[in-house]
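Worksheet for the structure shown next.
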Amino acid sequence: CCPPSTSSTSCCPDGSAPTDAADILKLVQKSYANTVNGEEGCCVSVQPEMLGYTQEQIIKAGKDANLGLGCGNPINFANIQKGETLVDLGSG
């Protein structure tokens with residue numbers, strides 16, 4: 001969900017993408033950790049409004065929440081109708 005980096009720094013030290021599942025998981029963990037720790041990483045945060053969050057939702061999430069790192073607000077984009085069943089698969 002992270003947009004491609006426009007910097008010359010690649011997520012992968014040698015510039016190639018890992019193919020092994022364990023290596024991919026390590027790369028994702030490191031990238032998110034770098035972002036949380038304020039270090040340069042592949043993932044960049046965007047304004048949460050661009051991802052479908054309302055001002056009310058942003059305020060409710062709190063000042064320390066970073067809603068701009070995900071794939072968007074699925075509830076806003078899903079056009080959920082009364083009576084439909086939802087399954088939350090989580091992101092962790």
For atom CD of Glu84, decide whether the heavy atoms of other residues, nucleotides or ligands shown that lie under 6.0 angstrom number more than 12.
-> yes
Gly52 versus Asn73, closest heavy-atom pair with distance | O-ND2, 3.3 Å
Locate the shortest heavy-atom distance separating Leu86 from Ile80; write the atom from each residue and the value.
-> CD1-CD1, 3.5 Å
Do Leu67 and Leu51 pass the side-chain contact (heavy atoms from CB on, under 4.5 Å) test, and can you show the C-alpha distance, the side-chain angles, and the key distance before you say yes or no?
-> CA-CA 8 Å; Leu67 301 176; Leu51 298 175; over 6 Å; no
